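These notes are about the structure you will find just below.
Here, residue 1 is the first one in the sequence, and each next residue gets the next number. None of these values were measured; they are calculated from a predicted model.
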Amino acid sequence: MLRVGHGYDIHRLVPGRPLVLGGVRFDTPYGLEGHSDADCLTHAVCDALLGAAGLADIGHFFPNTDPVLKGIDSQVLLGRVISELRARGWEPVNIDATLLAEQPKVGPKAAAMKVALAATTGLSPDAIGIKATTNEGVGEIGRGEAIAAHAVVLIARK
Ligand code: MG
């Protein structure tokens with residue numbers, strides 16, 4: 001049996017925060033604001049996986065009021081999501097994600113993101129798609145105030 005899931009996330013860009021996308025650190029003077037490391041790409045993947053399995057969303061499993069989760073590496077959260085799925089007999093098949101970011105250029109780090117997400121999910125890097133687009137200067141993403149991500153996943157019953 002196969003299931004599809006979709007996830008979306010957006011975080012505000014602020015000065016003085018580390019920027020982490022898809023588990024990869026960018027060398028920028030600004031980063032995403034959030035309770036965890038605010039990796040919106042990984043959060044979108046988490047929600048897509050949880051949605052495919054018919055589970056509650058990432059905020060239910062990892063509330064932003066939990067002090068233990070403050071600053072946590074989102075790869076740890078993704079690993080826990082994979083464990084939740086495996087406990088219910090589900091395995092990820094592939095992930096396809098799109099980043100919406102005016103800056104920085106994320107394309108050069110897409111391969112590294114695939115490797116990071118592959119290590120966390122147990123997938124092969126070639127089962128993970130990472131695409132990026134600007135927002136053509138439109139809206140809050142276009143003004144460089146935020147970065148957003150969409151993700152679609154397929155999961156299969158073992
Ligand atoms: Mg988030």
**Prompt:** Are Leu78 and Leu49 close enough, and set up right, to give a side chain to side chain contact (heavy atoms under 4.5 Å, CB included), and what steps lead you there?
**Reply:** CA-CA 9 Å; Leu78 178 56; Leu49 289 163; 3.6 Å; yes
**Request:** Could you go through the side chain to side chain contact (heavy atoms under 4.5 Å, CB included) check for Glu33 and Arg12 one step at a time?
**Result:** CA-CA 6 Å; Glu33 191 173 51; Arg12 191 179 293 276; 3.7 Å; yes
**Message:** If you apply the rule side chain to side chain contact (heavy atoms under 4.5 Å, CB included), what do you find for Leu21 with Phe26, and how did you get there?
**Reply:** CA-CA 8 Å; Leu21 295 169; Phe26 285 70; 3.8 Å; yes
**Request:** List the steps and the verdict of side chain to side chain contact (heavy atoms under 4.5 Å, CB included) for Leu32 and Leu19.
**Result:** CA-CA 6 Å; Leu32 294 172; Leu19 179 61; 3.7 Å; yes
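How far CD1 of Ile82 is from CH2 of Trp90: 13.5 Å, rounded to the nearest 0.5 Å. From Lys70, atom NZ reaches atom OG of Ser36 across 9.5 Å, with rounding to the nearest 0.5 Å. For the atom pair CD (Glu91) and NZ (Lys158), the distance works out to 4.5 Å, reported to the nearest 0.5 Å. Annotation: the span from Phe62 atom CZ to Leu77 atom CG amounts to 5.0 Å, rounded to 0.5 Å. Glu145 contributes atom CD, which lies 11.5 Å from atom CG of Asn135 (distance to the nearest 0.5 angstrom). Here CG of Asp9 is found 7.0 Å from CG of Asp47. Values are rounded to the nearest 0.5 Å.
A salt bridge is absent between Asp37 and Arg17; no separation between the charged side-chain nitrogens and carboxylate oxygens falls under 4.0 Å. A salt bridge is absent between Arg143 and Glu102; no separation between the charged side-chain nitrogens and carboxylate oxygens falls under 4.0 Å. At a threshold of 4.0 Å, the pair Glu84-Arg88 counts as salt-bridged, since one of the basic side-chain nitrogens sits closer than that to a carboxylate oxygen.
The one candidate from Asp39, Val106, Leu99 that meets the side chain to side chain contact (heavy atoms under 4.5 Å, CB included) condition with Ile147 is Leu99. The only member of Ile58, Val20, Thr42 that meets side chain to side chain contact (heavy atoms under 4.5 Å, CB included) when paired with Ser74 is Thr42. Each of Leu41, Leu123, Leu154, Ile155 was compared with Ile95 under the side chain to side chain contact (heavy atoms under 4.5 Å, CB included) criterion, and only Leu123 meets it.
Side-chain heavy atoms closer than 4.5 Å link hydrophobic residues (I, L, V, M, F, W, Y) into clusters, and following such links, possibly through other members, connects Ile72 to Val45. Taking hydrophobic clusters as Ile, Leu, Val, Met, Phe, Trp and Tyr residues chained together by side-chain heavy-atom distances below 4.5 Å, Phe61 shares a cluster with Val153. In terms of hydrophobic clustering, with Ile, Leu, Val, Met, Phe, Trp and Tyr side chains grouped at heavy-atom distances under 4.5 Å, Val93 and Val4 are assigned to a common cluster. Hydrophobic clustering, with ILVMFWY side chains joined whenever heavy atoms are under 4.5 angstrom apart, groups Leu55 together with Val76. Side-chain heavy atoms closer than 4.5 Å link hydrophobic residues (I, L, V, M, F, W, Y) into clusters, and following such links, possibly through other members, connects Leu50 to Leu69.
Contact record, Ala116 with Gly22: CB-O, 3.5 Å, taken as the closest heavy-atom pair. Ala48 and Ala151 make their closest contact through CB-O, 3.7 Å (heavy atoms, listed as atom of the first residue, atom of the second, distance). Summarising the geometry of Gly144 relative to Leu13, their closest heavy-atom pair is O-CD1, 3.4 Å, with the distance given to 0.1 Å. Minimum heavy-atom separation, Ala118 to Ser124: CB-C, 4.1 Å. Taking each heavy atom of Ala149 and Cys40 in turn, the nearest pair found is CB-O, 3.8 Å. Minimum interatomic distance between Leu100 and Ile141 (heavy atoms only, all atoms of both residues): O-CG2, 3.5 Å.
Counting only N and O atoms by type, the side chains of Thr65 and His35 include no donor and acceptor under 3.5 Å apart.
Legend: side chain to side chain donor-acceptor pair (under 3.5 Å) pairs involving residues 105-121, not counting sequence neighbours, sorted by first then second residue: Gln75-Thr120.
The shortest side-chain heavy-atom distance between Tyr30 and Pro18 does not fall under the 4.5 Å cut-off.
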